[in-house]
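The next block holds one structure in the form of C-alpha cells; read it before the comments.
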Number of protein chains: 2
Amino acid sequence: MRLLVIGGDAAGMTAASHVHRARPDIDVVVLERSPYTSYSMCGIPAYVGGELDRAADLVVRWPEELREAGIDVRTGTEALAVDAEAQTVEVRDVATGAATREEYDFLLIATGAHPRTPDLPGLQAHAQVVHTLDEGEALRTRLDAAGDEVHRVVVVGAGYIGLELSEALVRRGLDTVLVDRAPQVMPTLDRSMAAIVEDRLRTFGVDVHLGEALVEVREDEQGCCREVVTDAGVYPAQTVVLALGADPNTAVAESAGCRLGDTGAVAVDSRLRTSVPGVWAAGDVVESLHLVTGGGANVQLGTHANKQGKIAGIDIAAHPDSGDAEFPGLIGTAITKVCDWEIGRTGVSDAQAEAAGLDTESVTIQGTAKAGYLPDAGEVHVLLRAERGTGRVVGAQLVGTGNVGKRIDVAASWIHTNVTVQDAQLLDLAYAPPFGGVWDLLQVAARKLTKQLGLSPQL
Amino acid sequence: MRLLVIGGDAAGMTAASHVHRARPDIDVVVLERSPYTSYSMCGIPAYVGGELDRAADLVVRWPEELREAGIDVRTGTEALAVDAEAQTVEVRDVATGAATREEYDFLLIATGAHPRTPDLPGLQAHAQVVHTLDEGEALRTRLDAAGDEVHRVVVVGAGYIGLELSEALVRRGLDTVLVDRAPQVMPTLDRSMAAIVEDRLRTFGVDVHLGEALVEVREDEQGCCREVVTDAGVYPAQTVVLALGADPNTAVAESAGCRLGDTGAVAVDSRLRTSVPGVWAAGDVVESLHLVTGGGANVQLGTHANKQGKIAGIDIAAHPDSGDAEFPGLIGTAITKVCDWEIGRTGVSDAQAEAAGLDTESVTIQGTAKAGYLPDAGEVHVLLRAERGTGRVVGAQLVGTGNVGKRIDVAASWIHTNVTVQDAQLLDLAYAPPFGGVWDLLQVAARKLTKQLGLSPQL
C-alpha cells in the first residue's frame with residue numbers, strides 16, 4: 001500500500017509522519033516542488049529583517065532527516081496532474097524536466113497556495129513575492145547585496161505579510177513605502193482598529209499609501225526596477241515586494257476531479273476527504289467550515305494545516321474504517337506583531353458579520369497592559385462584537401503595545417463555547433497590577449457591550 | 001432610607017457607588033477604619049520596592065472625591081458591632097476613641113481580612129505586616145530610613161505577597177531571607193511548578209528556607225530587632241515582614257448574627273445576602289462557591305471583591321425586589337509576577353483536587369514564549385489538569401519568563417465552560433512566531449493529557 005503526499009510542508013508532512021508511524025505497512029512518498037520541507041513560513045519576515053541569520057533556522061525537519069526516518073521525500077519534484085481512475089500522478093523533476101508517473105493507493109493533496117501576481121506591466125519582471133523560503137532567501141540576498149547604498153522598497157499589499165515585511169525593511173534602514181488598494185490595512189480588522197495599526201506603522205517609519213491601486217512597475221535603461229506607479233502617485237523603488245495574499249493551488253485537485261467549495265478552495269469533509277474516493281486534502285488548499293458564519297472559509301495558516309494534516313493522517317491510517325478525529329472548523333483567529341505592537345483578532349469583523357447576515361454590535365475600549373499607575377503601562381485597544389438579542393460573543397480584536405496579543409485566545413475560547421457578553425463579565429479571570437486593571441479589558445468591553453445591547457445583568 | 005457600608009475598599013466602595021447612583025433616595029454612609037478608600041492593595045509591593053514613588057499613586061478614589069460626589073465617607077471610623085434587631089451599628093472614632101451608634105436600613109459588611117500573626121515571642125513587637133496601604137508606607141519609611149546601611153530582612157510566608165515583597169526587597173539591594181513552614185512556595189501551585197518558582201527566587205537572590213517554622217524574633221539590648229529564629233536556623237535581621245495570609249474579619253458579621261460557612265468566612269447567597277435580613281456581605285470577608293470543587297472558598301482578591309460589591313449594590317438598589325445580577329462562583333484564578341517571571345494558576349491544584357475528592361490527572365510540559373528559533377525565546381512551563389473519564393479541564397498553571405501570565409485566562413475560560421482536553425486540542429487559537437510555536441502550549445498540554453487519559457481523538 002502506498003500513500004502519495006503532494007506538498008511537503010505543514011499539512012503534508014504532518015500527515016506523512018503520522019501514517020508512517022501508525023501504519024508501517026504503508027509506504028509514504030512525499031513530493032515537494034521546493035528544496036525544503038517542514039519550515040516556518042511565518043518566520044520569513046524575521047529572516048528578511050535580519051532578526052535571524054540563517055534561513056536554515058526556519059526549517060523544522062530536513063528532507064534527509066525524514067528520509068532517514070523512512071519517509072521517501074522527493075524535493076524538487078512537482079506533481080502535475082492526477083488520474084484518479086488509474087490512481088496515478090504525473091510528476092516532473094523540476095531541475096531536469098523529466099516526467100514520470102507515480103502510483104498511489106491513498107493520495108493527500110497539500111499543495112498550499114500561490115501568491116497573487118496581477119497581470120500588470122513590469123510586475124512579472126520586477127516584483128518579488130515572498131511566499132516560500134527560497135523566495136525569502138532571494139529577497140534577503142538582494143537586500144544584502146545592496147549594502148549601504150540608498151535603497152527604496154515598495155511593498156504592495158497591507159495584509160499580515162505586507163505589514164511584517166514593511167517593518168522588517170524599515171528595521172534594515174530602508175526607505176519603505178506600503179501601498180494598498182483597500183482603504184485600510186489588515187482587511188480582517190474593523191476599520192477603527194486598522195486605523196490604530198496604520199498610525200503605528202507611520203510612527204515606526206513606514207510610508208503608508210492606502211486606497212491606491214498599482215498600475216505598473218517601470219524599469220530604467222539597464223532594465224533594473226526604477227519606480228512603482230499607482231493610480232495616485234509614483235514611488236521610486238529599487239525593489240518591489242508583492243504581498244497581495246495567495247490563492248489555493250487547486251490545479252492538481254481539480255485534475256483529480258475534486259469538487260471545489262464556494263471560496264474556490266478544495267471542498268473536504270470533517271476528516272479532510274475530498275469528493276473523490278481515496279483522495280484527501282489539507283492545509284492552505286482546502287475550504288474549512290467557519291463556525292461563526294456557518295459558511296466556508298479558506299484560511300491559510302499553519303495552525304489549521306497542522307491540525308488538518310494530522311486528522312487526514314489519522315483517517316488514512318484508519319482506512320477502511322474512519323479516523324476518530326474530525327476537524328470541527330475554525331473561527332478566524334490570527335495574530336501578528338508589527339512594529340512592536342501586537343495585533344490579535346478572532347471571529348467576525350464588521351464586514352464579515354454583514355456579509356454573513358449576522359446582526360451584531362460592537363464596542364471598542366482603550367486601556368493599559370499594566371495597572372495605570374505602573375511605569376510603562378502600554379496602550380491597549382479592544383474591540384468586542386456580539387450578536388444582538390442573545391449577546392453571544394462573535395468577534396474580538398486586540399491592538400496594543402503591551403503583551404496582549406495572545407489574550408485573543410480568551411475571546412476565541414468564548415466564541416467556541418458560545419459565551420455571552422453577560423456571562424463574560426462574571427468569569428474568574430486573572431488580575432495583578434503587572435497585567436492590567438482589576439477588571440480584565442475583555443470584561444470591561446463585555447460590560448460596555450452588555451449595556452449597549454440592553455441585556456442583563458449589567459455589572 | 002440609609003445604607004451603611006462597613007469597609008471602604010473594593011467591595012464596599014463599589015456597592016456604595018452603585019447604590020448612590022441607582023437610588024438617589026438612599027443615603028449612603030461608608031465607615032472605613034483606615035485613612036484610605038479604594039486603593040490597590042496588590043500594588044503595595046511595587047511601592048515598597050520603589051517602582052512607585054508615592055503611596056498616593058495606588059489610591060483610585062480619595063475620600064474627599066467620594067464625599068464631593070455625595071457619598072458620606074467617614075475614614076478613621078471603626079465599626080465594632082451590629083444590633084440587627086435595632087438596625088444599628090456601634091461605631092468608634094479611631095483617633096479619639098469616641099463611640100457612637102449609627103442606624104441603617106441596609107447594611108453591607110465589607111470588612112475584608114486581617115493578616116495572621118501567630119502568638120510567638122517577639123512577633124507582636126517586631127514583625128511588620130503589610131496588608132494595608134498605611135502598613136506599606138510604614139515598611140517603606142523604615143527601609144528608606146535605613147539608607148545604605150547593611151540591612152537584612154526576613155520575610156515569613158511564601159505566598160503571593162511574601163514572594164512579591166521578597167523580590168521588592170532584593171531590588172532595593174537588601175539581604176532577603178524567605179522562610180516558610182511549608183515544603184514549597186505558593187501553596188496553590190502543584191509541587192513541581194512551585195519548585196520552578198523557588199529556583200527562580202534563589203537565582204534572583206532571595207535566600208529561600210522552606211520547611212522551617214518560625215519560633216521567635218529576638219531583640220538586641222536597645223530593644224531593636226536582631227534575629228529571627230526558626231526550628232532549623234537563626235537569621236540576623238533588622239526587619240521582619242510577616243506574610244502568612246489573612247483571615248476574614250468576621251467579628252462584625254458575627255455580632256449581627258450572620259451565619260459563617262465551612263471556611264469560617266461569612267456565608268452569602270448568590271446576591272451576597274447574609275443569613276440576616278437586611279444585611280449583605282461582599283469581598284474578602286465572604287465565602288464563595290468554588291465552581292470546580294462545589295465547595296466553599298474564601299479567596300481574597302480584588303476581582304471578586306469588585307464583582308461582589310457591584311452585585312450586592314444591585315441587589316440593595318433593587319430592594320424589595322431581587323437584583324438581576326448573581327455571583328456565579330469562582331475557580332481560583334490568580335496571577336503574579338515575581339522576579340521577572342510570570343505565574344498564573346486557575347482551577348484546582350493536586351492538593352485541592354484530592355481534598356475535593358476529584359479524580360484527576362495532570363501533565364506538565366516545557367516550551368518557549370516565542371518560536372524556538374527566535375532570539376530570547378523565554379522558558380515556559382505549563383501544567384494542565386483534567387478529570388479522569390470525562391477529560392474535563394479542571395486546573396492549569398503557567399510559569400515562565402515570557403509574556404505568558406494572562407494566558408491562564410484561556411484555561412480559566414475552558415474551566416468555566418467545561419471544555420475537555422480532547423476538544424481543547426482543536427480550538428482555533430492564535431499563532432505567530434513572536435508568540436510561540438504553531439501548537440499553542442496549552443494545546444500541547446491538552447494533547448499530552450488526552451493521550452495520558454486514554455481519551456480520543458488523540459491529535
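Please read all numbers here as calculations on a predicted model, not as lab measurements. All values below were derived from every heavy atom in this structure, side-chain atoms included, with hydrogens, water molecules and symmetry-related copies excluded.
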Answer key: most heavy-atom pairs under 4.5 Å with chain A among B/L442, B/L301, B/T417, B/D423 is B/T417
Between A/T303 and chain B, which part of the residue has a heavy atom less than 4.5 Å away: side chain, backbone, both or neither? both
Residue part contacting chain A, namely of B/Q422, when any heavy atom lies under 4.5 Å: neither
Check: A/D409 side chain, B/L429 main-chain N or O, donor-acceptor pair, under 3.5 Å: no
Cationic tip of A/K307 above B/W439 ring, under 6.0 Å, 45° of axis: yes
Donor-acceptor contact below 3.5 Å, side chain B/T333 vs main chain A/D428: yes
Could you look at B/L427 and say if it's the side chain, the backbone, both or neither that has a heavy atom under 4.5 Å from chain A? both
Over all heavy atoms of both residues, which pair between A/C42 and B/Y431 is shortest? Give the atoms and the distance, please. SG-CE2, 3.7 Å
Of the backbone (N, CA, C, O) and the side chain (C-beta and beyond), which part of B/E164 lies under 4.5 Å from a heavy atom of chain A, both, or neither? neither
Backbone of A/V404 reached by a side-chain donor or acceptor of B/K406 within 3.5 Å: no
Main-chain N/O of A/N403 paired with B/N403 side-chain donor or acceptor, under 3.5 Å: no
Quick check on B/H304 against chain A: is it the side chain, the backbone, both or neither that has a heavy atom closer than 4.5 Å? side chain
Report the distance from atom CH2 of B/W414 to atom OG of A/S413, rounding to the nearest 0.5 Å. 6.0 Å
Indicate the atoms forming the closest heavy-atom contact of B/Y373 with A/G43, along with that distance. OH-CA, 3.3 Å
Below 4.5 Å from any heavy atom of chain A, which atoms of B/L426 appear? Answer side chain, backbone, both or neither. both
Please flag which part of B/A46 lies under 4.5 Å from any non-hydrogen atom of chain A: side chain, backbone, both or neither. side chain
Tell me, out of A/D57, A/I408, A/L52, who's got the most heavy-atom pairs with chain B below 4.5 Å. A/L52
